[in-house]
Every structure is written in structure tokens, then in C-alpha cells.
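Only one structure is covered here, and it is reproduced in the block below.
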Amino acid sequence: MINSIVKRHDRLNPFTEAQISVVRAATKLFLENGYTKTSFKMIEKLSGVRVGNITYYFHSKEDLLKILVEELMDYHATILDDFYKKENDVLFAYALEVAIQIALCENNRNAWDLYYNSYDLPQTYKHIKFWAAEKNYNLFSSRLPDWTEHDFKSVEEVASGIEFAALKSVSDRNFALDKKISLFLNSLLMLYNVSEEERKKTIEKVLALDYEQIAVDMFDKFVKRLD
């Protein structure tokens, strides 16, 4: 993971060795402890770079989180592509990617903390919306030929709010995870003018899978990419 992060930034603004050490340490701590519980002191201890130098390179924890979010969104794109290749079904690929994010955050507190703060903080939220609008333009433009890229960006303002709401709500015995995923997927698919029949078929297809285990496996694979 750190190698791909470094390569991405080498094209724009290459990292120094000290910055690489900070990014490696922050990424490891965010994934293992969550964003909220990770402090600059913890990053200093693990990276060997003094806090003053860390805040010189990266003015806030959010700056470091954004680097991880960029990598995470790239990973989501890979997952989405894999789902599409297996089923050749755009709606299924879109819905399953959303479902595993919801399931992951429901069952993994550190993952929830990472995603919640990514949606809650302005820099990272802006990046997520930009990434998602571009992703969904590529996914749905053939289904919605009259839509412009601006239309997709406008809809994403609502879609990302729905996804954030999913992170704020918690399933329980009165609000089962299947029901939660079904409601949120139905709302999101409606934004892209998906018919009721297609929405129902797509959601049933997702819920028939062991999406919770898929979510665990996907996140474990992402964490293991940290070298």
C-alpha cells in the first residue's frame, strides 16, 4: 500500500523519506486503532519523526487521512471492477460495493471510525464526492445518456449524504442489517432512475450473498497491503 501511495504522490509532489515514514506510521495506526484514537504523539513514536516536523509536512490529521482515503477509493474502484467482471451487471456491482461498506462499518469499529471521519471531514468528504461522481458517471452514463457530468456531480451531493446517514444509523433487532441495506440501496438506486423492478431484483441478489464475510475479506485484504 505504501508503495502505491508514494508512486501516486511522486507524480505530483514527491515525498521525502521522513514524509514516507510519517505516512506509513499514520496509515498503520489509522487502520489498527481508528482515526479518532490516533494522535500525533503516536505517529511520532512509530515514525521516529518529531511532532513539529510532522505538522510542518502535514498540517492536520485530516491531511494524512486524505492520503489513506485516496488509496481506499482506488481499492473500492478495484472491488467494483471485480464485481462487474464476474457478473457483467452494473447495478449489482454498484449495489454490492455499497452493501459491503455498510456491512463492514456495522461490524468493524475501526473501519466505521475511518469511514465516518472520511465523510465527516471537509477535505476527505470532497474527495469522496468527486471520486464517486466520476465512478458513477462511468457506471451509469450508458443507462442515462441525457445526463451530463454535472448531473452526476449534483446527484452525488445527495447520494453521499445518504451514505453518510447509513454510517450514522446502527442496526439492531428492530432494524436488521438486511433491512438497513435494503432501504439505503433502494434510495440510492432511485437517484439513478432505476426502475422498481430492477431495484428489487438487484437488492435481492445482493442480500442472497454472504455480504458480511465479503466485507471482512475485502477489508482484511486492504489492510494486508500495508508494507
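By convention here, the first residue in the shown sequence is residue 1. No hydrogens, no waters, no symmetry mates; every other heavy atom, side chains included, goes into these values.
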Please check this pair: side chain of [X] against backbone of [Y], looking for a donor-acceptor N/O pair closer than 3.5 Å.
X: Gln19; Y: Thr16; value: yes
X: Asn136; Y: Ala132; value: yes
X: Thr27; Y: Arg24; value: no
X: Glu62; Y: Gln123; value: yes
X: Asn108; Y: Cys105; value: no

Open item on the list: With rounding to the nearest 0.5 angstrom, report the OG to CD1 distance, Ser171 to Ile102.
Closed with: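 One gets 10.0 Å once the value is rounded to the nearest 0.5 Å.
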Open item on the list: As an exercise, state the distance from CG of Leu72 to CD1 of Ile79, rounded to the nearest 0.5 Å.
Closed with: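 Going from CG on Leu72 over to CD1 on Ile79, the span is 8.0 Å.
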Distance-only donor-acceptor hits, side chain of residues 148-155, under 3.5 Å, sequence neighbours excluded:
unit_1	atom_1	unit_2	atom_2	d
Thr148	OG1	His150	N	3.3
Thr148	OG1	Asp151	N	3.2
Thr148	OG1	Asp151	OD2	3.3
Asp151	OD2	Thr148	N	2.8
Ser154	OG	His150	O	3.0

- [ ] With sequence neighbours excluded, tell me which residues meet salt bridge (Lys or Arg N to Asp or Glu O under 4.0 Å) with Lys45.
- [x]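 Lys45 satisfies salt bridge (Lys or Arg N to Asp or Glu O under 4.0 Å) with no residue once adjacent residues are dropped.
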- [ ] Not counting sequence neighbours, which residues clear salt bridge (Lys or Arg N to Asp or Glu O under 4.0 Å) with Asp81? List them please.
- [x]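 Partners of Asp81 under the salt bridge (Lys or Arg N to Asp or Glu O under 4.0 Å) test: Lys85.
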Task: Ring centers of Tyr84, Phe92 separated by less than 6.0 Å - done: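 That pair fails the under 6.0 Å test.
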- [ ] Output every pair passing ring pair (Phe, Tyr, Trp, His ring centres under 6.0 Å) with a member in residues 38-63, not counting sequence neighbours, ordered by first then second residue.
- [x]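 Of all non-adjacent pairs touching residues 38-63, none passes ring pair (Phe, Tyr, Trp, His ring centres under 6.0 Å).
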- [ ] Would you please name every residue forming a ring-ring contact (aromatic ring centres under 6.0 Å, His included) with Phe30, sequence neighbours left out?
- [x]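 Scan of Phe30 (ring-ring contact (aromatic ring centres under 6.0 Å, His included), adjacent residues dropped) gives Tyr35.
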Task: Contacts of type ring-ring contact (aromatic ring centres under 6.0 Å, His included), residue Phe222, not counting sequence neighbours - done: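 Counting only residues at least two positions away or on another chain, Phe222 forms a ring-ring contact (aromatic ring centres under 6.0 Å, His included) with Tyr75.
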Does anything in [range] pair up under salt bridge (Lys or Arg N to Asp or Glu O under 4.0 Å), and if so which pairs, sequence neighbours excluded?
range: residues 182-204; result: Arg143-Glu198
range: residues 112-121; result: none
range: residues 174-188; result: Glu106-Lys180
range: residues 157-174; result: Lys129-Glu157

Open item on the list: Asp210: which residues meet the side chain to side chain contact (heavy atoms under 4.5 Å, CB included) condition with it, sequence neighbours left out?
Closed with: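 Testing Asp210 for side chain to side chain contact (heavy atoms under 4.5 Å, CB included), a comparison that skips the adjacent residues, returns Glu212, Gln213.
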TODO: Could you list the residues that satisfy side chain to side chain donor-acceptor pair (under 3.5 Å) with His76, not counting sequence neighbours?
DONE: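 For His76 the side chain to side chain donor-acceptor pair (under 3.5 Å) partners, ignoring immediate neighbours, are Glu97, Tyr115.
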TODO: Might you work through the side-chain hydrogen bond (donor to acceptor under 3.5 Å, both in side chains) test for Ser160 and Tyr125, ending with a clear yes or no?
DONE: CA-CA 9 Å; Ser160 57; Tyr125 189 43; 3.0 Å; yes
Open item on the list: Pairing donors with acceptors under 3.5 angstrom, does anything connect the side chains of Asn117 and Thr124?
Closed with: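 Their side chains do not contain a donor-acceptor pair, so the 3.5 Å distance test is not met.
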